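I have placed the structure first, in the form of structure tokens, so that the comments after it can refer back to it.
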Amino acid sequence: MNYTRMTPVEAASLIKDGEILGLSGFTPAGSPKAVTAALAQLSEERHARGEHFQVGIITGASTGDSCDGVLSRTDSIRFRAPYTTNVDFRKAVNSGKIHYTDIHLSQVAQRLRSGFLGHVTTAIIEACELTDDGRVYLTAAGGISPTIARLADRVIIELNEAHSKRMIGVHDVYEMERPPYRRPIPIVRPSDRIGLSYVQVDPAKIVGVVEVNLPDEARSFQEPDPITDRIGQNVADFLAADLKRGIIPSTFLPLQSGVGNIANAVLGALGRDTNIPPFEMYTEVLQNSVIKLIKEGRVKFGSTCSLTVTNDCLQEIYENMDFFRHKLVLRPSEISNSPEVVRRLGVISMNTAIEADIYGNVNSTHICGTKMMNGIGGSGDFTRSAYISIFTCPSTAKGGCISSIVPMVSHQDHSEHSVNVIITEQGVADLRGKCPMERAQTIIEQCAHPDYKQLLWDYLKISAKGQTSHCLSAALGMHQVFMAEGDMRLTQWGKFVK
């Protein structure tokens, strides 16, 4: 079939006010870049003429600046789901300009199929290859591509020459049925393949192909510092001790890791620790640190949704695909993040917290309970079903003015029932099997910064005793003091006790 070749502007002009767009990708990896940027330009022109133009956007996870950034700055997004990292988007959400729905990433495809998020009119999918019979070979991420390609009225393909065709064969595309009587996902090892290497699209729905040569808008991360190195070593020491005690099998267990500097430091520490055998990953993203460990033989296999790596690292993968082809698989997000598979494989989850309270509840999304940072992402998908769930964070932020260990989290994403271990550079709080007061004592003693330990112990003294002890008038007192004075260390509990 001869598909219609279009410019980005021509493709964007097909999109009308009020539509819901489904986008490929998971993080900036695999996300469309040219059509969304052109759509922002057209939107700005329409606004200048006094016309209304906004769209809904549903993605696998975050995107790059050529999507979330430019569309936010041109006031082109009415609502968005599920996860994002863009600064301009975050500002628009927190000012109420964009309606943002924060969803567990494993649930997005099913909610689309069930009609919870409206009807996707246009899917924009980045590909490294497209065949006449509608086989779309994806680039560096799986995301929700198979679902939006099937549900959308029309499909626009960004055929991106920046991604090598050697990517063909790395993806494992599998879409779950709608309930009831859904079959089990037949994955019992991270390396199992259960689907196709491509997304099948009805060729009649492909209204245009936009040929581009645009690299992923990859994010770089800071090098480890003494605090993140210490956190990483604490994680490695904890897992090595559980391995020695026989709590973790001698073969070890698959790992999941979130995104960011701490995640890279943790994986680096695990890779260096000779007490931990070579291991597999069953996760949602692979960063540079994991690719390095695969080359070194410390990671035996990586199952993921996205290659969230720098462009240099991605090109290295493409150039050495004969080596990597049998050590990587990219899946749709509802499979990479499936709680069913996570529970079956015994995945150890490792994610980052903004703050944790003394009873083990974790806030991973909101600053002081109100300002959205990035969204919950896939952390909840893995945490609740993990063999061991670990949350890491530095004990303080803002030069020590904020304690990451607080009496009560200002927003809760993960409850104490799902959180097994909290680790800071100060130490490790193993919460397994502990009652609330034991958890509080362990977290304060092991994880809190010395500047805040006594303040937290004093909070327990003024708290009304119960199965979980709290002074409700003071529970968020440290947050209130920070908002008013800029430093939680200035908290005086007497001002809050009623």
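None of the values given here were measured: they were computed from a predicted structure. Only heavy atoms go into these numbers, but all of them, side chains included; no hydrogens, no water, no symmetry mates.
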Practice prompt. Report the C-alpha separation of Arg113 and Glu334 in whole Å, then their side-chain angles, then the decisive distance to 0.1 Å, and conclude whether the salt bridge (charged side-chain N to carboxylate O under 4.0 Å, His left out) test is met.
Written response: CA-CA 12 Å; Arg113 289 191 295 268; Glu334 67 175 335; 2.8 Å; yes

Item to complete: Measure the acute angle between the ring planes of His470 and Tyr359, then classify it against the limits of 30° and 60° as parallel, tilted or perpendicular.
Response: perpendicular

Discussion item. Once you measure the plane-to-plane angle for His414 and Phe391, does it fall in the parallel (<30°), tilted (30-60°) or perpendicular (>60°) bin?
Written reply: tilted

Item to complete: Report, as yes or no, whether the 6.0 Å neighbourhood of atom NZ on Lys434 holds more than 12 heavy atoms from other residues, nucleotides or ligands.
Response: yes

Worksheet item: Just how far is it from atom OG1 of Thr84 to atom CZ of Phe89, taken to the nearest 0.5 Å?
Response: 5.0 Å

Discussion item. Rounded at 0.5 Å granularity, tell me how far OG1 in Thr101 sits from CZ in Phe79.
Written reply: 7.0 Å

Discussion item. Other residues, nucleotides and ligands only: do more than 12 of their heavy atoms fall within 6.0 Å of NZ on Lys327?
Written reply: yes

Discussion item. Let me confirm one number: the CG-CG distance from Leu330 to Leu307, rounded to the nearest 0.5 Å.
Written reply: 4.5 Å

Practice prompt. Could you list the residues that satisfy side chain to side chain contact (heavy atoms under 4.5 Å, CB included) with Met483, not counting sequence neighbours?
Written response: Cys368

Discussion item. Given 3.5 Å as the limit, does a donor-acceptor pair link the side chain of Glu284 with the main chain of Asn337, or not?
Written reply: no

Item to complete: Step through the shown structure and confirm whether more than 12 heavy atoms of other residues, nucleotides or ligands are within 6.0 Å of CD on Gln454.
Response: yes

Item to complete: Go through the side-chain N and O atoms of Ser289 and Asn264 and say whether any donor and acceptor fall under 3.5 Å apart.
Response: yes

Item to complete: Using a cut-off of 6.0 Å, state whether more than 12 heavy atoms not belonging to Arg432 lie near its atom CZ.
Response: yes

Fill in: Within 6.0 angstrom of Arg384 CZ, more than 12 heavy atoms from elsewhere
no

Discussion item. Can you tell me if Lys292 has over 12 outside heavy atoms packed within less than 6.0 Å of its NZ?
Written reply: no

Item to complete: Give a yes or no on this: more than 12 heavy atoms of other residues, nucleotides or ligands lie within 6.0 Å of atom CZ of Arg183.
Response: no

